[in-house]
Amino acid sequence: MKAIEDALNGNTTVATASKASQPLAESRSFNKRPSDPALFEQDDAVPQKKKRQLPPGWSGETQDGIPMSKSMTVNMKSQVRTLSQTGSLVATKRPAGVFLSQEQSQILRLVEEGTSVFYTGSAGTGKSVLLREIIKSMKKKHKAVDAVAITASTGDIVFD
Ligand SMILES: Nc1ncnc2c1ncn2[C@@H]1O[C@H](COP(=O)(O)OP(=O)(O)OP(=O)(O)O)[C@@H](O)[C@H]1O
């Protein structure tokens with residue numbers, strides 16, 4: 001009963017009360033922020049950021065001491081210049097030319113000579129490819145606009 005009266009009068013000699021007042025100093029450590037260096041002055045346990053270590057030979061520089069990315073750009077540029085100068089390998093958007101089969105070439109020749117030709121075949125035997133070559137050849141020969149007319153009535157060739 002005396003203990004309760006003491007506690008009510010503000011006398012904090014009660015064991016539980018003194019225990020509660022203690023952790024204030026200790027609990028500060030839990031509220032530390034990394035952005036507040038003053039709080040870390042006495043604290044030796046602050047982890048230091050490790051410097052990044054690259055394996056030997058990975059210095060990011062070439063043997064000439066040029067940064068890797070720079071030297072690659074230089075090499076690429078000189079390579080492009082060399083290739084475009086020699087003309088051996090120049091990037092182009094044009095697809096590679098078609099090599100017609102013997103049969104396709106024969107039909108193309110007949111068309112170029114002015115012969116009316118009816119050619120047919122199973123699916124995937126090269127009719128469309130041949131027709132494109134015929135159109136190309138006719139447009140080369142007859143340069144006037146609309147000199148070559150392509151007509152079709154059925155099948156996928158209508159959309160080709
Ligand atoms: N001379 C050729 N050289 C290389 N590829 C060819 C040649 N002729 C045809 N092909 C290829 O064969 C495939 C079929 O050709 P194509 O589409 O011309 O056939 P198709 O007879 O018109 O077929 P479909 O009747 O189904 O329309 C295509 O992938 C085409 O590129």
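Every number for a ligand or one of its atoms is a count from 1 in the order of the listing.
The neighbour count for Lys141 NZ, taken as heavy atoms of other residues, nucleotides or ligands under 6.0 Å away, is above 12. Crowding of Gln106 atom CD: a count of heavy atoms from other residues, nucleotides or ligands under 6.0 Å not exceeding 12.
Summarising the geometry, atom NZ belonging to Lys127 is positioned 7.0 Å from atom OG belonging to Ser122; distances are rounded to the nearest 0.5 Å. Residue Tyr119 holds its OH atom at 4.0 Å from CD1 of Ile134, rounded to the nearest 0.5 Å. From Gln104, atom CD reaches atom CZ of Arg109 across 12.5 Å, with rounding to the nearest 0.5 Å. Distance check, rounded to the nearest 0.5 Å: CD of Glu112 to CD1 of Ile107 gives 12.5 Å.
In this structure, Gly124 is part of the shell of residues with a heavy atom less than 4.0 angstrom from ligand 1.
Here atom 20 (P) of ligand 1 lies nearest to Lys127 when heavy atoms of Glu133, Gln104, Lys127 are compared. Nearest-residue assignment for atom 15 (O) of ligand 1 (options Gly97, Gly126, Ser128; heavy-atom criterion): Gly126.
Where the criterion is an N or O separation shorter than 3.5 Å, residue side chain and backbone included, Val129 meets it with respect to ligand 1. Between Val98 and ligand 1, no N or O atom pair is found at a separation short of 3.5 Å.
Ligand 1 places these atoms under 4.0 Å from at least one heavy atom of Leu100: 1 (N). Below 4.0 Å from some heavy atom of Phe99 lie the following atoms of ligand 1, by number and element: 1 (N), 2 (C), 3 (N).
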